[in-house]
2 protein chains.
Amino acid sequence: MAHAQTVTHQAANYRSLNASVALAKTTPEDREFKGIVVPMPGAADCLQRIGRTVQIDRGQTVVTAGDTNTQVFKVQDGVLRVVRILPDGRRHIAKFLNAGDFFGLSDATECDSNVEAITPCTLTRYQRRDFDNLINADAAAGAQLLRLVFRQLDLNNRLLLSLGRKTASERLASFLLSFVPRNAATGRETTIDLPMCRSDIADHLGLTIETVSRLITKFRQRRWINLIDSQTVRILSLEALEELAAD
Amino acid sequence: MAHAQTVTHQAANYRSLNASVALAKTTPEDREFKGIVVPMPGAADCLQRIGRTVQIDRGQTVVTAGDTNTQVFKVQDGVLRVVRILPDGRRHIAKFLNAGDFFGLSDATECDSNVEAITPCTLTRYQRRDFDNLINADAAAGAQLLRLVFRQLDLNNRLLLSLGRKTASERLASFLLSFVPRNAATGRETTIDLPMCRSDIADHLGLTIETVSRLITKFRQRRWINLIDSQTVRILSLEALEELAAD
DNA sequence: CGCTGAATTGAGATGTGTCAATGGAGGTGG
DNA sequence: CCACCTCCATTGACACATCTCAATTCAGCG
């Protein structure tokens with residue numbers, strides 16, 4: 001909670017940061033999105049023009065549950081977590097946000113979750129109003145956004161299946177596999193980077209830190225993985241993990 | 001599995017059923033959706049014209065996982081379940097579909113879940129192509145659809161929190177409360193109808209039939225609910241359930 | 001070098017699952 | 001109309017995966 005400082009308290013910082021800062025990075029989704037928007041003359045420029053780049057420190061809270069929902073963000077760089085907390089303190093992480101992901105899109109008047117930076121982040125911030133105008137004016141932009149949201153919905157449903165019906169080992173295997181690039185050859189070893197700590201993994205998978213830790217040890221003993229350091233995992237047997245993940 | 005007969009096997013039936021059948025019912029969402037579409041001349045008519053009404057028997061499978069995704073459905077009446085099954089048979093129900101809900105919207109080329117009728121259903125079926133055309137042509141329609149999908153995403157996240165961090169009792173309490181109309185007075189008793197059987201509830205909440213059954217007994221013993229029959233629940237204490245649901 | 005937070009490991013507790021038996025409602029055929 | 005069947009729900013006894021509590025190790029850092 002020491003880190004919990006909302007963006008709105010930092011408005012002054014943003015203004016100085018934002019003065020005519022161009023979008024620094026272009027993700028695949030970015031190009032795609034712009035590509036679709038382009039057909040409407042000026043729409044791509046519009047999306048760029050209405051956004052401001054903001055820098056977020058590790059641990060900082062970007063959105064607080066209950067805030068009025070007036071801003072939309074796009075992750076340019078870094079990783080964030082989407083957190084819900086029950087009154088008694090139990091915590092769940094619905095999603096980790098990566099470069100290319102949007103958040104704050106929901107049309108609810110209040111934000112329903114906290115969004116907190118796990119690493120230092122570069123975000124593009126839009127005024128909700130501007131974003132809505134774009135969506136309402138440009139069908140192709142809306143259609144593209146719909147596609148992103150459906151992809152999110154699918155990921156969500158996979159996680160539901162994990163939490164509802166998979167064992168702890170299976171959940172962790174699925175989780176680790178979600179970091180493996182799609183094109184990774186089945187026989188080959190891969191190294192993946194977990195930007196989040198054990199408690200974030202636990203709260204994402206509906207487990208405890210201890211269980212996650214024990215499972216990692218188990219996977220290591222079976223020579224399925226190796227730890228370079230606690231955040232860097234060398235996968236020795238994709239096959240074993242895939243078989244365990246069971247879908 | 002005896003009931004599992006896909007829609008495609010019934011094409012003949014549909015054709016006869018559909019011959020100039022108007023949309024029989026109008027749900028609130030329907031009016032809303034049309035209301036938004038209207039500004040573009042003919043769009044509302046278009047959505048009606050391109051859809052065909054189909055009747056589905058209880059237990060019938062409307063969509064099978066792995067099918068190519070060429071149709072979009074809207075529920076006019078009845079209840080369906082969205083089912084994922086792991087290779088070893090474990091089952092999870094991501095969502096129950098009610099009047100006004102769409103399904104088959106995802107842009108994935110293959111359907112990822114089964115959709116099965118829990119009660120006899122009336123659906124409107126659209127060709128994916130026609131639906132896409134509408135979305136791509138009419139920004140307001142797309143924006144309205146986006147809103148529906150975000151509402152879905154929010155429900156999804158609530159369920160994630162339940163499955164990840166709530167106890168069995170809390171999950172069941174939340175589930176029961178989701179059937180209580182929003183305007184129900186806190187002090188008053190309410191009767192709700194659960195169209196699905198215990199195993200559907202269990203597979204939705206990540207529990208077993210036995211646990212659900214035991215919890216219902218527990219709730220009954222504490223005078224929080226009463227069973228009219230196994231599918232009809234009289235809620236005696238909304239407060240107790242709300243406190244238990246814990247959000 | 002000690003401090004602090006994160007990760008690991010161990011021992012025991014417990015919530016929920018598993019297996020098995022019983023009960024009840026609705027449908028069907030004699 | 002009754003007997004039977006089947007499906008669904010309930011209840012009980014026990015097992016086990018995961019949690020809880022607690023101690024230890026490890027890594028980073030001033």
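Computed from a prediction, not measured in an experiment: that's the story for all the values here. Convention: sequence-line order gives letters A, B, ...; per-chain numbering from 1.
Per the geometry, CZ belonging to A:R165 stands 11 Å off C1' belonging to C:dT16, to the nearest Å. For the pair B:L163 CG and C:dG17 P, the interatomic distance rounds to 12 Å; values are reported in whole Å. As rounded to whole Å, 11 Å separates atom P of D:dC26 from atom CZ of A:R220. At whole-Å resolution of the value, CE in B:M196 and C1' in D:dC7 are 18 Å apart. We find that CD1 of A:I209 is positioned 14 Å from C1' of D:dT18, with the value rounded to whole Å. As rounded to whole Å, 12 Å separates atom P of C:dT9 from atom CG of A:L215. Following rounding to the nearest Å, B:Q231 (CD) and D:dA9 (P) show an atom-to-atom distance of 6 Å. Rounded to whole Å, atom C1' of C:dG27 lies 13 Å from atom CZ of B:R58.
Considering only side-chain N and O atoms, A:T211 lies under 4.0 angstrom from the phosphate OP1 or OP2 of D:dC19. For D:dT20, neither phosphate oxygen OP1 nor OP2 lies less than 4.0 angstrom from any side-chain nitrogen or oxygen of A:T208. Taking only side-chain nitrogens and oxygens, B:S230 never comes nearer than 4.0 Å to OP1 or OP2 of D:dC8.
Partner of A:V233 under the side-chain contact (heavy atoms from CB on, under 4.5 Å) criterion, chosen from A:I192, A:V180, A:T190, A:T191: A:I192.
In this structure, B:K166 pairs ionically with B:D247, as a charged nitrogen and a carboxylate oxygen lie closer than 4.0 Å. Ion pairing of B:D101 with B:R81 is absent here, as no side-chain N (NZ or NE/NH1/NH2) approaches a carboxylate O to less than 4.0 Å.
Checking C:dT8, D:dC19, D:dT10 against every side-chain atom of A:L227, the shortest atom distance belongs to C:dT8. Counting only heavy atoms from C-beta on, B:R198 has its side chain closest to D:dA9 among D:dT18, C:dT8, D:dA9. Counting only heavy atoms from C-beta on, B:C197 has its side chain closest to D:dC8 among C:dT9, D:dT10, D:dC8. Nearest to the side-chain atoms of B:T167 among the listed nucleotides D:dA9, C:dT16, C:dT9 stands C:dT16.
The side-chain heavy atoms of B:R58 and B:T119, taken from C-beta on, include no pair separated by under 4.5 Å.
The OG1 atom of B:T217 sits 6.5 Å away from the CD atom of B:Q221 when rounded to the nearest 0.5 Å. Distance CZ/B:R84 to CG/A:L160: 8.5 Å, rounded to 0.5 Å. Taking CZ of B:R91 as the start and CD1 of B:I85 as the end, the distance is 7.0 Å to the nearest 0.5 Å.
A:Q55 and A:T122 share a side-chain donor-acceptor pair at under 3.5 Å.
In DNA chain C, the stems built from three or more successive Watson-Crick or G-U pairs (distances below 3.5 Å) are C:1-30 with D:1-30.
If you find the closest nucleotide of DNA chain C to A:S199 and to B:V212, the one lying nearer the 5' end belongs to A:S199.
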Apply side-chain contact (heavy atoms from CB on, under 4.5 Å) to B:F103 and B:L80, showing your working. CA-CA 10 Å; B:F103 63 97; B:L80 305 93; 4.3 Å; yes

Distances for protein N or O near nucleotides 19-24 of chain C N or O, under 3.5 Å:
unit_1, atom_1, unit_2, atom_2, d
C:dC19, N4, B:E210, OE2, 3.0

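Heavy atoms of other residues, nucleotides or ligands lying less than 6.0 angstrom from CD of A:E239 number more than 12.
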